[in-house]
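Note that the structure is a prediction, hence the values are computed from the model and not measured. Every chain is numbered from 1 and lettered A, B, ... according to where its sequence line falls, protein lines coming before strand lines.
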Amino acid sequence: MSNADIARILERIAIRLDIEGANPFRVRAHKEAARIVSEQGEPMSAMVSREGALEALPGIGKDLAQKIRDLVATGSTPMHDELKARIPDEVVDFTELQGLGPKRVRTLFAELQIRDRAGLEAAAKAGRLKGLPGFGEKVEQNVLKALATASAWSGRVLLARIWPLAHALAERVAAVKGVAQVELAGSFRRRKETVGDLDLLVCGGDAESVMQAFTTHESVTDVLGRGETKSSVRLDTGLQVDLRHVPSESFGAALLYFTGSKEHNIELRRIAIDKGWSLNEYGLTQGEKLLAGRTEEEIYAKLGLDWIAPELREARGEIELARAGTLPKLIELSDLRADLHMHTTRSDGRDSIDAMVEAAIARGHEYIAITEHSKALAMANGFDAARVRKSAIEIEAARGRHKNIHILHGLEVDILADGELDLDDDTLNVLDWVVISIHSAFTQAPEVATARVLRALQNPFVHAMGHPTGRIIGSREPVAFDMEQVAQMAASEGVALEINSAADRLDLSDVNARLARERGCRFVIDTDAHSTNALENLRFGVFQARRAGLTAADVWNTQPWSRFSGSLGARRKAPRKTAAARPASAGKSVATKPAARPAAERTAKKPAAKPPAAKARRNS
DNA sequence: GCCGTTTTCGGCCCGACTGTTTTCAGTCG
């Protein structure tokens, strides 16, 4: 049972408790626990075996720790079984519909015995909802609307997919006369890999004109609400967009507030309260007196904190680092000097070598690697040994045509099901840059998958592991290998883990990259572009890296060519470790070598997995 | 259900908007 599975069950326990009218703080405790579990890099299945490890997590006490242990051991917990027997799954799902919260869902279930979607729709159509307490004509109509919308809307959309439309909406509002500032806040600003809605923040201009411009945008199909300071709309794609018009003296406070995360805000509020102040979207106040509000920086400063980049605002220890002045200096797109994973028409790319190289030059890259597929991916026209040797000549010719960029002769070599690589060592030795990736056998058991990856990582010709977990957001689960062991092996072998910038990969995830960083891994951020356009995606990989707390120093392809090229051959010179080439025996934990860069060397800047001060977060 | 320099009880973040009410509960973020 993965952390995500456990988190989901805890979340549903919380909703069921809420529907039953339980103590709201008990509900919140379960929701908080779900969040904490989902953000742990280490699997719960590993943590349960360490005495007291669960209880050491802030927000997890004796009771929740036991529930997590039950879930790991049996896939369930007695309390959830009892709750499920009383409240069916589909009733829980009702709370996802706009306008239905726990109270109204409770009424539907208790008064009308509605147990599923079909029943809800039938009751609403028959006009049986509007007579219920807390319901009326309008709510009934909204339920029907929400049911129709929900079937067309999966809930979240990839950040990269919404990027252009989000900016178009912002520009539309920015064009209104007198508007001074427009920001896209929310999870969009935190650069989460998917966003559930968009939050626009506007200051300046006439509020009425701003609302008018916003609610009449061509992609708006439904105006959900329209007040003096706030409007909500639904777009034709199903996405909800909220706009808030705020005064300039409150803009920083509003930006902070609506950027979130909710958990980050709650921690900030606690700090304010402890100082006898109050923090809301209008500012930081002491009684009637406004202490700060115009910018985020002044609010953080007043609270005794360094400004925290939005990508880190997830209540994962960033506040303690900000207080201590030890926040990492996050990597930026401009730090990258290369893209080391891309395809051309020679395998399954859409553009030629020359087109890709020219596009890379236009992007300002100092060096790139052309990395076609290997032969296991026959459908992608993967290279065999002979084709690799021919390719070397083609790359050399390309170098002759393009003098103002360094081109590495690379390959994306398949990791076969048993951990063997798809090409032999002699062939790999021809290449300047070897990325290894999983493209098959995605559903192996954890021990098998772990042994497979550990074996592959020990090949001395390998430089990097591409899209390590193989997950596709929304459609394919990550390969179930043990990230802890893989990260330790990658660190000790000096193999970089990729953060793949493809919109639906973003693999490693922020949580995994954070764990890998703590184990001393280095990284590369690549596009895996299959066309010149896709080279633009690098920014999304950088966002993911920032969410993981990575600095430029953590990422190999930020190095200037002279240093990078000098570091490529290091592993090949070392004698081949024959014993290490065998896969570890299934089910047995593999001896973990110390990380290449010991954790202690890096603690000064790294965000702690569990901040030492977190248990006492109400201190200040 | 969690937490603790107020430590085993009594707190736990806060405001806008809607719709159902007739002063406010429910929902949402």
[X] [atom1] to [N] [atom2]: how many Å, rounded?
X        : N      : atom1 : atom2 : answer
A:Ile60  : B:dC3  : CD1   : C1'   : 13 Å
A:Asp199 : B:dG29 : CG    : C1'   : 8 Å
A:Leu100 : B:dG26 : CG    : P     : 13 Å
A:Ile13  : B:dC2  : CD1   : P     : 12 Å
A:Leu239 : B:dG29 : CG    : P     : 11 Å

For the [atom1] atoms, the ones on [N] and on [M], what distance do you get once it is rounded to whole angstrom?
N      : M      : atom1 : value
B:dC14 : B:dT20 : P     : 29 Å
B:dC17 : B:dT21 : C1'   : 15 Å
B:dT6  : B:dC12 : P     : 15 Å
B:dG4  : B:dT8  : P     : 13 Å
B:dG10 : B:dT18 : C1'   : 33 Å
B:dG11 : B:dA16 : P     : 25 Å

Can you run down the ring pair (Phe, Tyr, Trp, His ring centres under 6.0 Å) pairs that involve residues 186-229 of chain A, sequence neighbours left out, and say none if there aren't any? A:Trp163-A:Phe188, A:His167-A:Phe188

According to the ring pair (Phe, Tyr, Trp, His ring centres under 6.0 Å) rule, which pairs have a member within residues 232-254 of chain A, sequence neighbours left out? none

Under the salt bridge (charged side-chain N to carboxylate O under 4.0 Å, His left out) rule, what pairs show up with a residue in residues 73-85 of chain A, not counting sequence neighbours? none

Which residue pairs pass the salt bridge (charged side-chain N to carboxylate O under 4.0 Å, His left out) test when at least one of the two sits in residues 57-67 of chain A, sequence neighbours left out? A:Asp63-A:Lys67

Could you tell me which non-hydrogen atom of A:Val542 sits nearest to which non-hydrogen atom of A:Glu332, and how far apart they are? CG1-C, 3.9 Å

If the condition is salt bridge (charged side-chain N to carboxylate O under 4.0 Å, His left out), which residues does A:Glu96 pass it with, not counting sequence neighbours? none

Residues of residues 61-68 of chain A with a heavy atom under 4.0 Å from any atom of DNA chain B, listed by number, are A:Gly61, A:Lys62, A:Asp63, A:Leu64, A:Lys67

Contact class for A:Pro24 (heavy atom, under 4.0 Å): base, sugar-phosphate, or nothing? nothing

Identify whether any heavy atom of A:Asn265 sits under 4.0 Å from a base atom; if not, whether one sits that close to sugar-phosphate; answer base, sugar-phosphate or nothing. nothing

If the condition is side chain to side chain contact (heavy atoms under 4.5 Å, CB included), which residues does A:Arg505 pass it with, not counting sequence neighbours? A:His467, A:Ile472, A:Arg476, A:Asn500, A:Ala502, A:Asp507, A:Asp528

Restricting to side chain to side chain contact (heavy atoms under 4.5 Å, CB included), what partner residues turn up for A:Ser232, sequence neighbours left out? A:Leu224, A:Lys230, A:Gln240, A:Asp242

Contact state string [nucleotides 13-23 of chain B, B base, S sugar-phosphate only, - no protein heavy atom under 4.0 Å]: BBSSSSSSS--

salt_bridge(A:Glu140, A:Lys125) N-O dist < 4.0 Å: no

